[in-house]
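Predicted model, so just to flag it, every value in this text is computed and none were measured.
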Amino acid sequence: MNRPSEDANAGGLPSAPSPRLTTGARGLVVLCTYNEVQNLPQMVEQLHQQLPEADLLVVDDNSPDGTGRWVQAAMGSDTKLYLLQRPGKLGLGTALRAGVEWCLERDYEWLLNLDADLSHPTNKASEMVATCQRSDCDVAIGSRYIAGGGLSGLPWHRRIISRGLNGLASRLLKLPLTDCSGSYRCYCTDRLRKLNLNQLTCAGYGFLEELLVHLHRAGARFVEVPIVFEERSSGRSKLSLNDAFGALGVIFRLRARRTRL
């Protein structure tokens, strides 16, 4: 089910494999991976415990450490685990978009996305889903910057960069949020289906802000849930200074686009 094929609408990305839905499945967890074989088994186990009815989709960018091969092997005994294997490292933004498209082609009511490196607290997953299902919420945002949230184990320069980018995004993009760059989010799929995903063009981390801008413009209602982000204990962080500058550039481009509308 993970054999890639051409997808003209996704710029040559592999299209989603054929559905293999679990009876009664209502929710999908999307994990984007590159070299996460040390963390993924524990992550999958924890998510099954927290959200036993949910399906899990791993979007893997052909990790050289064998992450995709581990998922393929685990799928033999885990009927709620799926793999979308991509040909190479194409960027977080394109991976998330591919995961969203895979989800929207199937009968899911919500999509939960979080990092696969155990930096996001999985014990908050059920609260995130429950918040998203409230009548006043379309997107639940795991926030590091509201009361009860925080950062643990990050070096000082990453704390400064994160706070600076989030503050700038909130002000320039007029987003009613304290955390615009975190990827711990739960989306109502009805709201995602109202977007034109072809308008989302950012390939990197800036996709996270870009998606929020389009959702906000479409009238989505956000609720922030406090989380504590933990620095990964295994493997290497994929976030670089170039990624931060890239996200900054996306913020200014989205601001310029917003003022023209």
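A heavy-atom distance below 4.5 Å is found between the side chains of Asn35 and Pro64. Counting heavy atoms from C-beta outward, Cys32 and Leu96 have side chains that approach closer than 4.5 Å. Within the 4.5 Å cutoff, no side-chain heavy atoms of Leu197 are placed close to those of Leu192. Contact of the Val100 side chain with the Val30 side chain is not registered, since no non-hydrogen atoms from C-beta on lie closer than 4.5 Å. Within the 4.5 Å cutoff, no side-chain heavy atoms of Leu114 are placed close to those of Lys124.
For the atom pair CG (Leu57) and OH (Tyr82), the distance works out to 9.5 Å, reported to the nearest 0.5 Å. Rounded to the nearest 0.5 angstrom, Leu111 CG and Trp102 CH2 are separated by 10.0 Å. In this structure, Asn198 CG and Glu101 CD are separated by 7.5 Å, a value rounded to the nearest 0.5 Å. The OG1 atom of Thr122 sits 10.0 Å away from the CD atom of Glu45 when rounded to the nearest 0.5 Å. Note that CD1 of Ile227 is 8.0 Å distant from OG of Ser119, once rounded to the nearest 0.5 Å. Here CG of Leu175 is found 6.5 Å from CZ of Phe222. Values are rounded to the nearest 0.5 Å.
When all heavy atoms of Glu36 and Thr67 are compared, the pair lying nearest together is N-OG1, 2.9 Å. Contact detail for Lys80 and His48: the closest heavy-atom pair is CB-CE1, 4.0 Å. Closest approach of Leu195 to Ala218, counting heavy atoms only: CD2-CB, 4.0 Å. Minimum interatomic distance between Lys174 and His216 (heavy atoms only, all atoms of both residues): O-CE1, 3.2 Å.
Looking only at atom types and distance, the side chain of Arg144 has a donor-acceptor partner in the side chain of Ser181 under 3.5 Å away. Looking only at atom types and distance, the side chain of Glu230 has a donor-acceptor partner in the side chain of Ser152 under 3.5 Å away. Of the N and O atoms on the side chains of Asp55 and Tyr108, at least one donor lies less than 3.5 Å from an acceptor on the other residue. A donor-acceptor pair shorter than 3.5 Å cannot be found between the side chains of His214 and Asn196. Glu224 and Thr178 share a side-chain donor-acceptor pair at under 3.5 Å.
Salt bridge status for Arg191 with Asp138: present, with a side-chain N to carboxylate O gap under 4.0 Å. For the pair Asp136 and Arg221, the salt-bridge criterion is not met [side-chain N within less than 4.0 Å of a carboxylate O].
Of the listed residues (Asp60, Asn62, Thr94), just one forms a side chain to side chain donor-acceptor pair (under 3.5 Å) with Arg86, and that residue is Thr94.
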